[in-house]
Amino acid sequence: MGTFALRTIRLLVALLCLAVLLSCVKDGSVHHAEVESPPSVVEPGKSVAPVEQSCNGSLCGPRVTGKLTLRVVREPNSVPACDMFFPLSNLEGAESTARIDITSQGLSSWTALEGPVQRSLEYALNMDQDAPALVRPGMVLTWAQVVCSLEEFLDLLPHLDDAPELLGQRFVWYGMRQKPVMTGYYTPEIEASLTRRPGYDFPIYGVPEDLRYGKVRGYKQFYRVEKGRVLPYYDRGDMDVRKVLTGRGLEIAWAKDPIDVFYMQVEGCGRLRLPDGTTKNVLYGAKNGYGFRSLGRILHSRGLLPKGRLSKDHVKSYFAKNPEKMFQLMAENRSYVFFRLQNSPPEGTIGKPLTPMVSLATDRKLLPLGSLLAFEAEIPDARDGRPVGKRTVSGIGLAQDTGTAIRGSRVDYYIGEGNAVEPIANNIKTEATVYLLISKEAFING
């Protein structure tokens, strides 16, 4: 066979192979070798429609189900671990996902989380995206990775009622090496008046104009300046016993019971039940910068209450019998919180409304503010304002608040507003299982 004939045959074979290859690409049957395409899941009786694959990073892509289209799950080459967090395997993540029951949080659909997650996202988007949101030995997470995780979760929400397993497939589940202690908090309702009147004698203070915050001798703290001298701000004894704020027009309301004001400061917000039956919210304004001491523990240290009887009700009962000791003993907790009148719901540290049974107060050095969490814990159940046993909550949480006493491996669970939830919030003290959820795409895209 001549040289010309051989060249002709080779050219025809090459053209034939090229035609076959182009046909495969057009059909969508050629995939990158490093990406494993999961099997399609199609509901009985439904056909698979052609897939558009110009998604620009959103969740749509070459995976097709009867109801949604998702891009192929990409596994990051590696995921970091550190002294506090360890990544679960895909199987362990799937098992943890299967345990979530959002109805245990009082939610009827995953989509009910859209508003709370959007609030976390707004907070995270205001941070420097290249800056670290979490720094632990061996592990650094940026704000961009927190944002990516929240955005992907928002995209998934419409599909999780039918396919909750997507959360295990698309997120790295980080377990905590030391399980945190979970406590509870709520928005108490107290009797108060916006003006002083008989029976309403105890001031609720707004933020003083001389309270400052900034670096003093290299450390950030609250302070005041008097005759050119930088001094620590007044403590509780100064305000409640020595009355240093009296006559300065700082009273935003007047309460019936000073113990109610004390415990409202512990919670960081409150709802005022006014004499005409209407209500007004007071939100956190500022603090004086001193460390917090539990009033029950103060009384116990003085031998005035036995261990195991240190709750708010026991404290109020003691002071009802010994009112002359009340202000001096409360002053041993030097911490003081100032409030602001507001019509909006209670807010967390992120500056957004808290969501009952979803929002958590955390240590921002341990869990980034705004971050997406999953958790499981046994909490009290209540009926008609009284505890009636225990129940398990296994759901999705958001780190949206902080607290003076929330340090290290500790979380505080926001239960809601009003005294009806007080028996639940005040009786939560349990070891919780908490996971930090980071999107796999966040690790791939950096």
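The structure displayed is predicted, hence computed values, not measured ones.
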Within the side chain of [X], is there an N or O that forms a donor-acceptor pair under 3.5 Å with the backbone of [Y]?
| X | Y | result |
| --- | --- | --- |
| Gln129 | Met127 | yes |
| Asn126 | Glu122 | yes |
| Ser301 | Ile298 | yes |
| Asp363 | Gly408 | yes |
| Asp235 | Asp238 | yes |
| Asn288 | Arg334 | yes |

Whether the [X] and [Y] side chains hold a donor-acceptor pair (N or O, under 3.5 Å, no angle test) is what I'd like checked.
| X | Y | answer |
| --- | --- | --- |
| Asn90 | Lys440 | yes |
| Ser104 | Ser394 | no |
| Arg410 | Thr183 | yes |
| Thr433 | Lys179 | yes |
| Thr349 | Arg364 | no |
| Ser311 | Asp313 | no |
| Asn333 | Tyr290 | no |
| Gln400 | Ser120 | yes |

Trace of the side-chain contact (heavy atoms from CB on, under 4.5 Å) decision for Leu272 with Met264:
CA-CA 10 Å; Leu272 308 182; Met264 188 169 72; 4.2 Å; yes
Heavy-atom count check: over 12 atoms from other residues, nucleotides or ligands less than 6.0 Å from [X] [atom1]?
| X | atom1 | value |
| --- | --- | --- |
| Lys307 | NZ | no |
| Asp128 | CG | yes |
| Glu92 | CD | yes |
| Lys390 | NZ | yes |
| Arg407 | CZ | yes |

Would you sort out whether Tyr186 and Glu422 count as a side-chain contact (heavy atoms from CB on, under 4.5 Å), showing the intermediate values?
CA-CA 7 Å; Tyr186 75 114; Glu422 180 181 4; 3.2 Å; yes
Kindly determine whether Met84 and Tyr174 satisfy side-chain contact (heavy atoms from CB on, under 4.5 Å), including the steps that lead there.
CA-CA 9 Å; Met84 185 58 71; Tyr174 275 102; over 6 Å; no
Hey, are the side chains of [X] and [Y] touching, using non-hydrogen atoms and a 4.5 Å cut-off?
| X | Y | answer |
| --- | --- | --- |
| Arg196 | Glu251 | no |
| Leu398 | Leu360 | no |
| Ile204 | Ile190 | yes |
| Asp130 | Thr142 | no |
| Arg293 | Ser335 | no |
| Val244 | Met239 | yes |
| Arg236 | Met330 | yes |
| Leu88 | Tyr435 | yes |

Using 30° and 60° as the class limits, which term best fits the ring planes of [X] and [Y]: parallel, tilted or perpendicular?
| X | Y | result |
| --- | --- | --- |
| Tyr336 | Tyr205 | tilted |
| Phe327 | Phe202 | tilted |
| Phe262 | Phe292 | tilted |

Looking at [Y] and [X], is any side-chain nitrogen of the basic one under 4.0 Å from a carboxylate oxygen of the acidic one?
| X | Y | result |
| --- | --- | --- |
| Arg273 | Glu189 | yes |
| Glu378 | Arg391 | no |
| Glu347 | Arg340 | yes |
| Asp210 | Arg224 | no |
| Arg271 | Glu417 | yes |
| Lys316 | Asp257 | yes |
| Glu209 | Arg248 | yes |

Identify the two heavy atoms, one from [X] and one from [Y], that lie closest to each other, and give their separation to 0.1 Å.
| X | Y | result |
| --- | --- | --- |
| Val261 | Pro203 | CG1-O, 4.3 Å |
| Pro80 | Phe443 | CD-CE2, 3.5 Å |
| Val207 | Leu211 | CG1-CD2, 4.2 Å |
| Ile252 | Leu341 | O-CD1, 3.7 Å |
| Cys82 | Met139 | CB-CB, 3.5 Å |
| Pro423 | Asn427 | O-ND2, 2.6 Å |

Report the distance from atom [atom1] of [X] to atom [atom2] of [Y], rounding to the nearest 0.5 Å.
| X | Y | atom1 | atom2 | answer |
| --- | --- | --- | --- | --- |
| Thr103 | Leu107 | OG1 | CG | 8.5 Å |
| Leu245 | Phe338 | CG | CZ | 6.0 Å |
| Met176 | Leu373 | CE | CG | 9.0 Å |
| Leu167 | Ile396 | CG | CD1 | 5.5 Å |
| Leu160 | Ile100 | CG | CD1 | 9.0 Å |
| Ser371 | Ile438 | OG | CD1 | 7.0 Å |

Six-ring centre of Phe222, Arg212 cation under 6.0 angstrom, axis tolerance 45°
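Output no; distance or angle outside limits.
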Would Arg177 and Ser409 satisfy side chain to side chain donor-acceptor pair (under 3.5 Å), going step by step from the backbone distance to the final call?
CA-CA 10 Å; Arg177 299 188 192 278; Ser409 191; over 6 Å; no
From CA spacing to verdict: side-chain contact (heavy atoms from CB on, under 4.5 Å), Leu283, Phe339:
CA-CA 5 Å; Leu283 306 185; Phe339 295 101; over 6 Å; no
Is the Tyr185-Tyr414 ring centre distance short of 6.0 angstrom?
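Judged by ring-centre distance (under 6.0 Å), Tyr185 and Tyr414 do meet the cut-off.
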For the residue pair Tyr413 and Phe375, is the inter-centroid distance of their aromatic rings smaller than 6.0 Å?
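Yes, ring centres under 6.0 Å apart.
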Taking only residues at least two apart or on different chains, which pairs with a member in residues 376-398 satisfy ring pair (Phe, Tyr, Trp, His ring centres under 6.0 Å)?
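Ring pair (Phe, Tyr, Trp, His ring centres under 6.0 Å) check on residues 376-398 returns no pairs.
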